[in-house]
Amino acid sequence: MYRIGRRPRLPAPRRRPAAWPAVSAAAAACWALAGWALAEAARRVSVRTGVCDAEALGQLPGDEFIAHPMVEWTRGVTVHAAAERVWPWLAQMGYGRGGWYTPQWVDLFANRWVFGVRHRFPASASRLLPEYQHVAVGDLICDGPDYASYFRVLRVDPGHAVVYRSIRHPRRGSPIDITDPQSPQRAEQQLRQAGTYIDFTWALVLNELPGQRTRLLVRTRATYSPRAFRFLTLPLGLVDATYGVAQLRAIARRAENPQLAGT
C-alpha cells in the first residue's frame, strides 16, 4: 500500500545495446572473396609478368644452379627485332660497362641507400660498346662502385642466354678486392657464416619468334637467410615486376632502333 501524496517508484528503463549494422552472410562472403582475389592477383604479378604459362612454368637456362629456390620470378617482353640484334645489348651489361638499363629511381636507390654513394649512377649506354661485347663463364661483372657488389657469370650461350649469380647482403654491398682471386670466395663465405644473405641467379634469355621477333625473358631464382625474409618476398616481387619489365622494355627499345646498332 502506497502512502498518500507519493508517487510509486517505477523500475528504471533498460538500456538497449547499441545496434550494429546488420551484415549478411552473403556480403561477408563477397568481401572475403574480393580480398582473396586481390591477394592472389598481387601474388601472381609478383612472381610472373608478361609471360604465358609455358614460359612461367617451363625450364630456362640457369635453373640448374639453384635447384630448389625459395623465390622464383619470371618476366618477359616481345622485342620486334631478331635475337642477333638483342644479344649485343645483353653482352655489354654491367656497372661500368653498358649499364643495366634500369629506371633512374632504381639507380638512385642503389647508389645512395645500398652503396652509400652520393654521385650519380652511371647512365646506361644508348649505343653498342665494342669493348664490352665479350662475356664469358667465370667473369666477375661489377654491380656497384669499386665492386661493392658483383655477379659471377655462370653460363653463356651466345645469342641465346647469359646467366649470372650473386651472393650478397640484402641491405648493403659486399665489396671485394678485384686484384685478389680469393676475395670473392671469402666474401661469400663470410656472408653465409653471418647468416644474412641473398643467393640468387639472374638469367636473361632470348627465344626467337617468326617475323624477326624475339621473346626476351628474365628469371630470378633465390634462396635467402634468415627465413623471416619470406615476409618481404611479395612486396619485393611487386617492385621487381615494376622495374624488371621497365628494364626489359628499355633493352627492347634499343634493339628495335637500327640506328643505335652502329653508333
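In what follows, residues are counted from 1 in the order of the sequence shown.
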From CA spacing to verdict: side-chain contact (heavy atoms from CB on, under 4.5 Å), Q133, Q92: CA-CA 5 Å; Q133 287 303 308; Q92 69 182 27; 3.0 Å; yes
[X]: side chain to side chain donor-acceptor pair (under 3.5 Å) partners, not counting sequence neighbours:
{"X": "D63", "answer": "R219"}
{"X": "D139", "answer": "none"}
{"X": "S166", "answer": "R168"}
{"X": "T242", "answer": "none"}

Please round to the nearest 0.5 Å and tell me the distance separating atom [atom1] of [X] and atom [atom2] of [Y].
{"X": "Y197", "Y": "R192", "atom1": "OH", "atom2": "CZ", "answer": "5.0 Å"}
{"X": "N257", "Y": "R127", "atom1": "CG", "atom2": "CZ", "answer": "14.5 Å"}
{"X": "I251", "Y": "W100", "atom1": "CD1", "atom2": "CH2", "answer": "10.0 Å"}
{"X": "I198", "Y": "L236", "atom1": "CD1", "atom2": "CG", "answer": "7.5 Å"}
{"X": "Y164", "Y": "L140", "atom1": "OH", "atom2": "CG", "answer": "12.0 Å"}

Expected output: side-chain Q189 to main-chain A187 donor-acceptor under 3.5 Å: no
Polar side-chain atom of R221 near backbone of F65 as donor-acceptor pair, under 3.5 Å: no
H160 vs N207, side-chain contact (heavy atoms from CB on, under 4.5 Å): CA-CA, chis, key distance, verdict: CA-CA 7 Å; H160 175 52; N207 290 329; 3.2 Å; yes
Test side-chain contact (heavy atoms from CB on, under 4.5 Å) applied to D177 and Q182, step by step: CA-CA 9 Å; D177 180 1; Q182 301 302 318; over 6 Å; no
Shared hydrophobic cluster for [X] and [Y] (ILVMFWY, side-chain gaps under 4.5 Å):
{"X": "L90", "Y": "L128", "answer": "yes"}
{"X": "V156", "Y": "L216", "answer": "yes"}
{"X": "L206", "Y": "V135", "answer": "yes"}
{"X": "V71", "Y": "I167", "answer": "no"}
{"X": "W202", "Y": "I176", "answer": "no"}

[X] vs [Y] side-chain heavy atoms within contact, under 4.5 Å:
{"X": "V162", "Y": "W87", "value": "yes"}
{"X": "T233", "Y": "M70", "value": "no"}
{"X": "S183", "Y": "I178", "value": "no"}

Exercise: identify the closest heavy-atom pair between [X] and [Y]:
{"X": "R213", "Y": "P210", "value": "NE-O, 3.1 Å"}
{"X": "A83", "Y": "G159", "value": "CB-O, 4.0 Å"}
{"X": "P103", "Y": "A246", "value": "CG-CB, 3.7 Å"}
{"X": "P258", "Y": "E256", "value": "CD-O, 3.2 Å"}
{"X": "A203", "Y": "V163", "value": "CB-CG2, 3.9 Å"}
{"X": "T223", "Y": "P69", "value": "CG2-CA, 4.2 Å"}

Salt bridge (charged side-chain N to carboxylate O under 4.0 Å, His left out) involving R48 - partner list, sequence neighbours excluded: D53
Verdict with supporting geometry, W89 and L204, side-chain contact (heavy atoms from CB on, under 4.5 Å): CA-CA 11 Å; W89 297 99; L204 291 113; over 6 Å; no
Worked check of ring-ring contact (aromatic ring centres under 6.0 Å, His included) between F200 and F151: CA-CA 10 Å; F200 67 99; F151 288 98; 5.8 Å; yes
Ring geometry between F229 and Y224 (parallel below 30°, tilted from 30 to 60°, perpendicular above 60°): tilted
Pairs where residues 225-253 contributes a residue and the test salt bridge (Lys or Arg N to Asp or Glu O under 4.0 Å) is met, not counting sequence neighbours: R75-D240
Ion pair check, R152 and E188, cut-off under 4.0 Å: yes
More than 12 heavy atoms of other groups within 6.0 Å of E84 CD: no
Residue D157 excluded, over 12 heavy atoms near CG under 6.0 Å: yes
